[in-house]
Amino acid sequence: MRAKIVFASMTGNDEDMAEILEEDLLDQGLEVDSSDVSFTDANDYLDSDLCVFITYTYGEGAMTDEIADFYDQLKELDLTGKSFAVMGSGDKTYKEHYCENVFDFEKAFLACGAKELIPPLTVENAPDDDDIARIDQAAEELADKLNG
Ligand SMILES: Cc1cc2nc3c(=O)[nH]c(=O)nc-3n(C[C@H](O)[C@H](O)[C@H](O)COP(=O)(O)O)c2cc1C
């Protein structure tokens, strides 16, 4: 089974989440490839069984150019038969916009026909020990569902 992780990160929090998930999925025996959204074409998801998107949210939910470009590419894909998961870091002081871009991508993957294996995983700012444990647990669940 192959996983493709794409992350968007300005100050490193989402990149940290991507690294934790990558290590966890490797430990679960998956082949994993991770890349920064700025250097990735959404078509790369077509080579994988599990598509993961991990993103910040800035600007009260508005998308930055780098994720808007990727989002537009993603919307054109047919991901029927593939699985996906979305995760991301945000800040609850932004209230209704908390992690909004994570939920935007959840809707886009569903519209592409992909199957959601776990609920969106959100983290406040930098992942702490509890958050890392939740990512570890999510990776186990993803691997179980992919293999089962
Ligand atoms: C100008 C600015 C706007 C932000 N807007 C939001 C927002 O709308 N929703 C949210 O959940 N977090 C918001 N945040 C918080 C960031 O998403 C959060 O710090 C996140 O951890 C950054 O991830 P990164 O380190 O991967 O770039 C904002 C932060 C800044 C500095």
Side-chain angles (χ1 to χ4, degrees), residues 1-28 30-77 79 82-112 114-143 145-146:
M1 288 286 180
R2 299 170 75 162
K4 172 74 185 168
I5 302 173
V6 182
F7 61 87
S9 188
M10 298 267 189
T11 63
N13 295 336
D14 289 273
E15 185 168 6
D16 288 349
M17 291 174 69
E19 281 174 10
I20 295 160
L21 184 68
E22 177 176 0
E23 267 186 40
D24 286 343
L25 291 176
L26 286 169
D27 287 347
Q28 295 287 335
L30 274 79
E31 273 179 60
V32 188
D33 178 65
S34 294
S35 57
D36 187 300
V37 69
S38 289
F39 308 113
T40 310
D41 191 301
N43 282 294
D44 291 359
Y45 280 137
L46 297 174
D47 298 328
S48 61
D49 305 292
L50 172 65
C51 314
V52 181
F53 194 72
I54 304 182
T55 187
Y56 56 67
T57 299
Y58 283 105
E60 303 199 333
M63 286 187 194
T64 59
D65 287 348
E66 65 173 1
I67 61 175
D69 288 349
F70 191 83
Y71 181 80
D72 289 342
Q73 292 169 0
L74 177 66
K75 283 195 304 190
E76 300 300 316
L77 298 182
L79 297 177
K82 299 195 183 293
S83 300
F84 83 92
V86 289
M87 303 186 180
S89 169
D91 187 326
K92 284 190 176 157
T93 59
Y94 289 90
K95 299 189 176 141
E96 73 270 23
H97 299 294
Y98 177 60
C99 288
E100 194 169 338
N101 291 162
V102 174
F103 299 101
D104 293 334
F105 274 81
E106 180 189 36
K107 288 191 200 97
F109 276 113
L110 288 169
C112 291
K115 182 179 171 197
E116 188 167 33
L117 295 190
I118 56 169
L121 190 156
T122 57
V123 163
E124 265 217 277
N125 297 307
D128 62 17
D129 287 347
D130 285 349
D131 298 321
I132 292 169
R134 286 193 297 128
I135 297 169
D136 295 345
Q137 174 67 39
E140 258 182 58
E141 211 175 317
L142 287 169
K145 289 190 172 164
L146 278 171

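Whatever order the structure lists them in is the order used to number ligands and atoms, beginning at 1.
- At least one donor-acceptor pair under 3.5 Å links the side chain of T57 to the backbone N or O of N101.
- Set against the non-hydrogen atoms of H97, the atoms of ligand 1 under 4.0 Å away are 7 (C), 8 (O), 9 (N), 10 (C), 11 (O).
- In plain terms, the two heavy atoms of D41 and F70 that are nearest each other are C-CE1, 3.8 Å.
- Short contacts between ligand 1 and G90, defined as distances under 4.0 Å to a heavy atom of the residue, involve ligand atoms 10 (C), 11 (O), 12 (N), 17 (O).
- When each atom of ligand 1 is checked for a heavy atom of N125 under 4.0 Å away, the hits are 18 (C), 19 (O), 21 (O).
- For the pair R2 and D49, the salt-bridge criterion is not met [side-chain N within less than 4.0 Å of a carboxylate O].
- Annotation: side chain of S35 is in contact with side chain of K4 (closest heavy-atom distance under 4.5 Å).
- Remark: minimum distance from atom 20 (C) of ligand 1 to any protein heavy atom is reached at S89 OG, 3.4 Å.
- Nearest non-hydrogen protein atom to atom 25 (O) of ligand 1 is T11 OG1, 2.4 Å.
- Between E100 and ligand 1, a contact under 3.5 Å exists for no N or O pair.
- Each of the following atoms of ligand 1 lies closer than 4.0 Å to a heavy atom of Y98: 11 (O).
- At a threshold of 4.5 Å between non-hydrogen side-chain atoms, the residues M17 and D131 do not count as touching.
- Close approach to G59 involves these atoms of ligand 1, each under 4.0 Å from a residue heavy atom: 3 (C), 4 (C), 5 (N).
- K82 places a side-chain N or O within donor-acceptor distance of the main-chain N or O of L46, the cut-off being under 3.5 Å.
- The minimum heavy-atom distance linking A3 with S48 is given by the pair C-CB, 4.2 Å.
- By the 4.0 Å heavy-atom criterion, E60 is counted among the residues contacting ligand 1.
- Taking a cut-off of under 4.0 Å to the non-hydrogen atoms of G61, the atoms of ligand 1 that pass are 8 (O).
- The T57 neighbourhood of ligand 1 comprises atoms 4 (C), 5 (N), 6 (C), 7 (C), 8 (O), 9 (N), 10 (C), 12 (N), 13 (C), 14 (N), 15 (C), 16 (C), 17 (O), 28 (C), with distances under 4.0 Å to a heavy atom of that residue.
- In terms of polar-atom proximity, defined here as any N/O pair under 3.5 Å, Y58 does make such a contact with ligand 1.
- Where the criterion is an N or O separation shorter than 3.5 Å, residue side chain and backbone included, C99 meets it with respect to ligand 1.
- Evaluated for a side-chain contact (heavy atoms from CB on, under 4.5 Å) with F53, the options Y45, F84, Y71 yield exactly one hit, Y45.
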